[in-house]
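Beneath this line is the structure, given in structure tokens, with notes to follow.
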Number of protein chains: 2
Amino acid sequence: MSLEEDIKQTRFTSEYQKLVLNVFYTANWLGLQHNQLMREYGLTGPQFNILRILRGQKGKPMSVNALIERMLDKSSNASRLVDKLEEKRYVLRKVCPNDRRQVEVTITQGGLDILSKLDKPVTDLEENIKGINIEEAQLMNALLEKMRKSNNTQ
Amino acid sequence: MSLEEDIKQTRFTSEYQKLVLNVFYTANWLGLQHNQLMREYGLTGPQFNILRILRGQKGKPMSVNALIERMLDKSSNASRLVDKLEEKRYVLRKVCPNDRRQVEVTITQGGLDILSKLDKPVTDLEENIKGINIEEAQLMNALLEKMRKSNNTQ
DNA sequence: CTACATTAAATGTATCTACATACATTTGCC
DNA sequence: GGCAAATGTATGTAGATACATTTAATGTAG
């Protein structure tokens with residue numbers, strides 16, 4: 001983990017600059033662990049994310065647009081992610097009868113099955129962040145949200 | 001910013017799960033702003049990152065391997081990033097005479113110039129996180145580092 | 001010195017990201 | 001109804017990510 005030392009060594013012009021790097025680096029560190037896990041189950045991170053959102057719908061279909069709104073990466077291409085999941089028979093696509101522009105995406109039983117297999121290892125991974133305790137996690141959550149709210153991102 | 005509300009609404013199984021999502025989301029939010037800025041200068045985030053690392057070398061060349069070690073995204077492809085930067089004449093590649101497997105990468109004056117143009121806007125962007133103060137930023141930095149240190153990532 | 005392992009970088013491949021564009025459908029206005 | 005604007009999705013493209021494999025140079029054991 002050499003950027004770990006790098007972050008320490010570097011003379012940062014400000015605490016904010018360090019924070020930006022730290023957030024990038026931590027997300028990357030978490031992402032690698034997630035990807036590695038997903039990979040074992042033939043999924044990718046973004047694909048897993050979509051399946052999890054769909055499961056949250058409890059059977060109700062969701063339009064692609066609604067999916068995009070809930071995705072972590074909004075600019076990523078939901079259409080093509082749904083393509084991949086459809087190939088694997090984890091989701092179904094159906095043209096919405098009320099508005100034929102829309103496509104209703106639903107998770108299949110196969111999709112639910114793979115998710116349930118992933119639940120335990122994913123939770124383990126997340127709970128594995130044991131260097132910080134619950135109070136610290138709460139504090140970080142509050143600070144991360146405060147951080148995003150603050151500025152004038154048009 | 002609909003995931004913002006999503007994060008709030010969702011019943012998280014744990015504070016840790018929320019933290020993971022929050023870190024992903026914040027990194028993404030920061031990354032979009034960075035990318036937008038880099039784009040105006042014909043660079044991408046990773047390319048900028050490499051240039052900044054090379055500038056830190058103060059003229060000393062660096063092998064591709066050394067670059068990878070210092071990159072935020074280690075698994076990204078340093079060779080090809082250096083390709084792009086070489087095309088733009090921002091770096092030079094030279095086979096190392098002592099070990100001809102290695103390639104010495106150096107930043108050019110053009111590379112230094114584009115970086116100096118970017119310094120101000122990048123700093124502005126980072127300093128723009130004004131919803132949290134310096135003490136909070138320090139706290140977050142400490143917690144993020146603690147978070148990464150804690151667990152048994154093999 | 002040959003044989004084999006190791007190392008450094010490049011290349012290959014699949015997927016994802018970011019953004020532009022195309023196309024069909026729907027909506028709103030006249 | 002007819003037409004322009006908006007909407008929803010798909011497609012195109014360039015570049016990045018993640019990981020496996022290849023190529024070339026070096027190191028090392030026998």
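Everything numeric in this text was worked out from a predicted model, so none of it was measured.
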To the nearest angstrom, how far is [X] atom [atom1] from [N] atom [atom2]?
X	N	atom1	atom2	answer
A/Gln33	D/dC19	CD	C1'	17 Å
A/Ile50	C/dC16	CD1	C1'	11 Å
B/Glu69	C/dA8	CD	P	9 Å
A/Glu104	D/dA10	CD	C1'	17 Å
A/Leu85	C/dC16	CG	C1'	13 Å
A/Lys84	C/dC16	NZ	P	6 Å
A/Phe24	D/dA16	CZ	C1'	14 Å
B/Asn35	C/dT17	CG	P	12 Å

Any residue meeting side chain to side chain contact (heavy atoms under 4.5 Å, CB included) with A/Arg93, in chain and number order, not counting sequence neighbours | A/Val82, A/Asp83, A/Glu86, A/Val103, A/Val105
A/Leu81, nearest nucleotide to its side chain (from C/dC16, D/dC19, C/dA9) = C/dC16
Estimate the overall bend of the helix from C/dC1-D/dG30 to C/dC30-D/dG1 from the end axes over five pairs each, rounded to 10 degrees.
-> 10°
Can you tell me how far [atom2] of [Y] sits from [atom1] of [X], rounded to the nearest 0.5 angstrom?
X	Y	atom1	atom2	answer
B/Lys18	B/Tyr25	NZ	OH	13.5 Å
B/Lys120	B/Leu125	NZ	CG	11.0 Å
B/Gln138	A/Leu19	CD	CG	11.0 Å

Is the closest side-chain heavy-atom distance between B/Val23 and B/Met147 below 4.5 Å?
-> yes
Can you give me the N/O atom pairs linking the protein to nucleotides 23-28 of chain D at distances under 3.5 Å, or say none if there are none?
residue: D/dT26; atom: OP1; partner: B/Arg100; partner atom: N; Å: 3.1

Numerically ordered, the residues 40-49 of chain A set in heavy-atom contact under 4.0 Å with DNA chain C is A/Thr44, A/Pro46, A/Gln47
Residues in ring pair (Phe, Tyr, Trp, His ring centres under 6.0 Å) with A/Phe24, at least two apart?
-> B/His34
List in chain and number order the residues that pass side chain to side chain donor-acceptor pair (under 3.5 Å) with [X], two or more places apart in sequence or in another chain; answer none if no residue qualifies.
X	answer
A/Asn141	B/Glu15, B/Asn22
B/Lys60	none
A/Asn98	none
A/Gln109	A/Asp113

Only pairs at least two apart or in different chains count here, so list each salt bridge (Lys or Arg N to Asp or Glu O under 4.0 Å) that has a residue in residues 42-57 of chain B.
-> B/Arg55-B/Asp119
Give every residue pair that meets the salt bridge (Lys or Arg N to Asp or Glu O under 4.0 Å) criterion with at least one member in residues 132-141 of chain B, sequence neighbours excluded.
-> A/Lys146-B/Glu136
Without hydrogens or angle criteria, can the side chains of A/Arg148 and B/Thr26 be said to hold a donor-acceptor pair below 3.5 Å?
-> yes
Just checking, is any N or O donor in the side chain of A/Ser14 or B/Glu127 under 3.5 Å from an acceptor N or O on the other one?
-> yes
Can you tabulate the close N/O pairs, meaning under 3.5 Å, that link protein atoms to atoms of nucleotides 10-12 of chain C?
residue: C/dA10; atom: OP1; partner: B/Arg93; partner atom: NH1; Å: 2.9
residue: C/dA10; atom: OP2; partner: B/Ser79; partner atom: OG; Å: 2.5
residue: C/dA10; atom: OP2; partner: B/Arg93; partner atom: NH1; Å: 3.2
residue: C/dT11; atom: O4; partner: B/Asn77; partner atom: ND2; Å: 3.3
residue: C/dG12; atom: N7; partner: B/Arg80; partner atom: NH1; Å: 3.2
residue: C/dG12; atom: N7; partner: B/Arg80; partner atom: NH2; Å: 3.4
residue: C/dG12; atom: O6; partner: B/Asn77; partner atom: ND2; Å: 3.3
residue: C/dG12; atom: O6; partner: B/Arg80; partner atom: NH2; Å: 2.4

